[in-house]
Structures are given as C-alpha cells and as structure tokens.
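Since the model is a prediction, treat every value here as computed from it, not as a measurement.
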Amino acid sequence: MRGKREQRLNSEFQKEIYDILKNKIKNPNITEMFSILEVDVTNDLKYAKVYVSIFSTNGERGAKTFNAIKESAKAVRSELAKIMRIRTVPELTFILDTSADYGNKIEKILSTLTYNTEATDDDLD
C-alpha cells in the first residue's frame, strides 16, 4: 500500500512533467499529442518511471515523438529541480504505454466474434 506522501508526489510529478514537456521543452520532434498516464517514484526518490501514451495516427511520427521525450529526460529533471521543493529529484525513465493500442486490438477481435442467442438444452451440456 502506498503512503499518502508517495501518491501526492506521483500526482505532482505527473502534472509538472506534462507541463514541462508541453510548455518549456522546445523540441521540434515532439509533434504528436501525448499524455503522462502515471508516474511511479521509488521510496528513496532516486528513480521514477514515467508512463507516456502517444496519440498518433502515424506510427513513425509517434515513435519520433516518444524518442524526443526520452531524450529530454535530463532537461525535464533539471526543470523539475527548479519547480519542486524536495531535496532529491528522481532520475526519470520514460516508458511507452501501449495499453490503448492493446485495448483497441482486443475490441476489434471481440467485434468480429458472433454468438448464438438461442441456446438449446443440447448446447448447455
């Protein structure tokens, strides 16, 4: 079970990292829409996993955007150090979250399935 402090820090990091990437990092390769889904900071605040979702219809541009975000990790950490009032700013590891793509794939598979609504006694055995 996570403590309230960890939850609060994770939430605060999530908001600040998004704001930094959106408004302060001037990387021309960040062209696609993205979202910071979750931040998971270790207890000692040395490391943080940042889960990013890229919303793009073009896979190549989405990958380029994610790589640009990954390459901006040190700059984001530096900006976080200026904003956050904590002793240690964690080292950031950006992880691409593909759960939306996976969900779409499952939904497409389920939509192709058909089922019989009229069950007989023979079908139940």
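- Leu21 has its side chain within reach of Phe94: a pair of non-hydrogen atoms, C-beta onward, lies under 4.5 Å apart.
- The main-chain N or O of Thr31 is never found under 3.5 Å from a side-chain atom of Arg61 such that the two would form a donor-acceptor pair.
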### Task
Report the C-alpha distance between Ile83 and Lys24 in whole Å, list the side-chain angles of each, state the deciding distance to 0.1 Å, and finish with yes or no for side-chain contact (heavy atoms from CB on, under 4.5 Å).
CA-CA 12 Å; Ile83 297 169; Lys24 295 183 180 178; 3.6 Å; yes
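- In this structure, NZ on Lys105 lies 12.0 Å from CG on Leu110, to the nearest 0.5 angstrom.
- Using a 4.5 Å heavy-atom threshold, the side chains of Glu16 and Glu12 count as touching.
- A donor-acceptor pair shorter than 3.5 Å can be found between the side chains of Glu32 and Ser56.
- Put simply, CD on Glu79 and CD1 on Ile17 are 12.0 Å apart, with the number rounded to the nearest 0.5 Å.
- We find the CD-CD1 distance between Glu71 and Ile30 to be 9.5 Å, quoted to the nearest 0.5 Å.
- Inter-residue side-chain proximity for Ile36 and Val39 is flagged as met; some heavy-atom pair is nearer than 4.5 Å.
- Closest non-hydrogen pair, Pro90 versus Val41, comes out as CG-CG1, 4.4 Å.
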### Task
Determine, stepwise, if the pair Val76 / Ile25 fulfils side-chain contact (heavy atoms from CB on, under 4.5 Å).
CA-CA 8 Å; Val76 172; Ile25 301 295; 4.2 Å; yes
### Task
Would you sort out whether Val89 and Leu45 count as a side-chain contact (heavy atoms from CB on, under 4.5 Å), showing the intermediate values?
CA-CA 7 Å; Val89 176; Leu45 295 178; over 6 Å; no
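- Judged by distance alone, the side chain of Ser72 and the main-chain N or O of Ala68 form a donor-acceptor pair under 3.5 Å.
- Judged purely by atom type and a 3.5 angstrom limit, Ser11 has no side-chain atom pairing as donor or acceptor with the backbone of Arg8.
- The shortest distance between side-chain heavy atoms of Glu107 and Ser111 does not fall below 4.5 Å.
- When side chains are defined from C-beta on, Glu91 does not count as touching Lys46, because their heavy atoms never get closer than 4.5 Å.
- To the nearest 0.5 Å, the span separating NZ on Lys108 from OG1 on Thr112 amounts to 10.0 Å.
- Using a 4.5 Å heavy-atom threshold, the side chains of Asn43 and Glu6 count as touching.
- Taking CD1 of Ile69 as the reference point, atom NZ of Lys64 lies at 14.0 Å (rounded to 0.5 Å).
- Two different hydrophobic clusters hold Tyr51 and Phe13 under the rule that ILVMFWY side chains link at heavy-atom gaps under 4.5 Å.
- Across every non-hydrogen atom of Gln14 and Leu37, the tightest pair is NE2-O, 3.1 Å.
- Residues Ile20 and Leu80 meet the side-chain proximity criterion, which asks for heavy atoms closer than 4.5 Å.
- In this structure, Ile54 and Val52 have side chains that are in contact, with non-hydrogen atoms separated by less than 4.5 Å.
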### Query
Can you list the steps and then say if Tyr47 with Asp40 is a side-chain contact (heavy atoms from CB on, under 4.5 Å)?
CA-CA 8 Å; Tyr47 304 98; Asp40 189 17; over 6 Å; no
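- Rounding to the nearest 0.5 Å places CG of Leu92 at 13.5 Å from NZ of Lys49.
- At distances below 3.5 Å, at least one donor-acceptor pair connects side-chain atoms of Asn67 with backbone N or O atoms of Ala63.
- A distance of 6.0 Å or more separates the ring centres of Phe66 and Phe34.
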